[in-house]
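Heavy-atom basis, side chains included; hydrogens, waters and symmetry copies ignored. These figures come from a predicted structure and were not determined experimentally.
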There are 2 protein chains.
Amino acid sequence: MDVRVNLDDFIKEFAENCENVQRKYYKKNQIITTYIQKRNQICVLLKGEADLVRYDFNGARSIIEHYTAGDFFGEAFYIVSVNNELSVEAKKNCEVLLFSYDNLYGDCKYDCKYGCKYHDMLKENFSKIMVDKMKALNTRIEILTKRTIREKLLGYFNILSTRKLSKSFTIPFSLTDLADYLSVDRSAMMREIKNLKDEGIIEKDGNLFTLLTF
Amino acid sequence: MDVRVNLDDFIKEFAENCENVQRKYYKKNQIITTYIQKRNQICVLLKGEADLVRYDFNGARSIIEHYTAGDFFGEAFYIVSVNNELSVEAKKNCEVLLFSYDNLYGDCKYDCKYGCKYHDMLKENFSKIMVDKMKALNTRIEILTKRTIREKLLGYFNILSTRKLSKSFTIPFSLTDLADYLSVDRSAMMREIKNLKDEGIIEKDGNLFTLLTF
DNA sequence: AATGATTTGTTGCTTTTGCAACTGAAATAT
DNA sequence: ATATTTCAGTTGCAAAAGCAACAAATCATT
């Protein structure tokens, strides 16, 4: 099993066969879960797109991670030491599997006709999932430590380009959200994108970007 | 076993009794390890202080984590997706335990007169250690997403204050290093610290800070 | 105790960023 | 099909941050 699970092979069967799991539906802009209730919830996004966001005390929004079908999220992966409100927001209509970490590691007291074979698989791969989360956090830190908007943009573009093995790539969210992900002012970011275009460093067609240098 | 291990109860015994482990000494400013060689190394800092740092392509230094005695570090906890040079630098003379992740999970082919009881303990607690690492990463992200130096400083001070359960606390490194941790220019940070003092928001005596507001 | 290296503290100047405000385009809902 | 909301793109201006350079203080080493 890959860290980013194969839906066909694993999750669908899990959702259909293990009674110890909830399947829920969320509409666009609904909050799927918040990370303040110490529920140790584990979630798998089956369909749709969602963001893990933080709202600062002064209202500034910051996107921590972006999820697509097959991604794991939930409090269990994201224990935080500081007092801040984290929540997962549906960006499109979403279908989500929900179960708890305690449930996963503790005794399964419910009837589970497959003997929790799916729980066991998750258990075994929990550390792999954690490692994947760590990668995402490290990636974000790498970008946030860049000191200028230009470097943040280019750093992020390079990561997307490397992932796609192509000079061209689409950003996984709107430009407004990209600013929140890079943690910079949107208009300042737009200005910098314009500069990069004018200087012939990137090309942009909607959300499709191309790196012209290397 | 706590995530930040109790040296007396665990590590010292481990170091003395398990033959599958190396103990090494590093002088101040020496590089303890780099995260590019895929050695899956796990390290425990027995004595001294060290920083996990990244050097940008243009030379900008950035402190990711700060370690004191009892902390775990090493590639195994810090797998990164992007191409950047991470290294752990001794800030003082250090004593370090070294062993490998593969060794931990694979069969222990060496003689280990305690039957690798220590390895087993680590194995069991690996996910806890990972969670601790995640906390550290999340803390750093929380600070880095703040948009001004003032907010970064106050955010970090609040975390230190909360940890110590006191309005007064000492920063765990020099002001120069603090700037690298917050990923900002040192002189600009000093200016902002001065502003905070002048406005009666903080007090500062060397590396001892006090938050005057709440 | 003297020397050299590092850290702290400060300042002038320039560049970058954030803020506010607005327009047109695109998407969504009625 | 039209109204409404969201998103993209711009700009002027003010505030913040970075850069460079230097002196004073502190720390470390011989």
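- Separating the CD atom of A:Glu89 from the P atom of D:dT6 is a distance of 13 Å, rounded to the nearest angstrom.
- Protein atom NZ of B:Lys146 is 18 Å distant from nucleotide atom C1' of C:dT17, rounded to whole Å.
- Looking only at atom types and distance, the side chain of B:Thr145 has no donor-acceptor partner in the side chain of A:Ser183 under 3.5 Å away.
- For the residue pair A:Ser168 / A:Thr210, a side-chain donor-acceptor distance below 3.5 Å is found, with atom types taken as modelled.
- Put simply, CG on A:Asp180 is 12 Å from P on C:dG18, counting in whole angstrom units.
- Look at CG on A:Asn207: it is 14 Å from C1' on D:dT6, rounded to the nearest Å.
- Classification of the B:Tyr67-B:Phe73 ring pair by plane angle, with boundaries at 30° and 60°, yields parallel.
- In this structure, B:Asp177 pairs ionically with B:Arg61, as a charged nitrogen and a carboxylate oxygen lie closer than 4.0 Å.
- Between A:Phe209 and A:Phe169, the two ring planes are parallel [angle under 30°; tilted spans 30° to 60°].
- The shortest heavy-atom contact between A:Ser174 and A:Asn207 is CA-ND2, 4.2 Å.
- Contact check of residues 193-206 of chain B against DNA chain C (heavy atom, cut-off under 4.0 Å) returns B:Lys194, B:Lys204.
- Salt bridge annotation for B:Arg150-B:Glu199: present, with a cationic side-chain nitrogen under 4.0 angstrom from a carboxylate oxygen.
- Between the CG atom of B:Asp177 and the C1' atom of C:dT8 there is a distance of 13 Å, given to the nearest Å.
- Ring-plane geometry between B:His66 and B:Phe173 is classed as perpendicular, the angle between the planes exceeding 60 degrees on a 0 to 90 degree scale with a lower cut at 30.
- Rounding to whole angstrom units, NZ of residue A:Lys27 and P of C:dA29 are separated by 10 Å.
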Please list, pair by pair, any protein nitrogen or oxygen found under 3.5 Å from a nitrogen or oxygen in nucleotides 13-23 of chain D.
residue, atom, partner, partner atom, Å
D:dA17, OP1, B:Ile149, N, 2.5
D:dG18, OP2, B:Asp185, N, 2.9
D:dG18, N7, B:Arg191, NH2, 3.1
D:dG18, O6, B:Arg191, NH1, 3.1
D:dG18, O6, B:Arg191, NH2, 3.0
D:dC19, N4, B:Ser187, OG, 3.1
D:dA20, N6, B:Ser187, OG, 3.3

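- Atom-to-atom, NZ of A:Lys92 to P of D:dT6 comes out at 17 Å; the value is rounded to the nearest Å.
- Between the CG atom of A:Asn29 and the C1' atom of C:dA27 there is a distance of 13 Å, given to the nearest Å.
- The closest side-chain donor-acceptor pair between A:Glu49 and A:Thr68, if any, does not fall under 3.5 angstrom.
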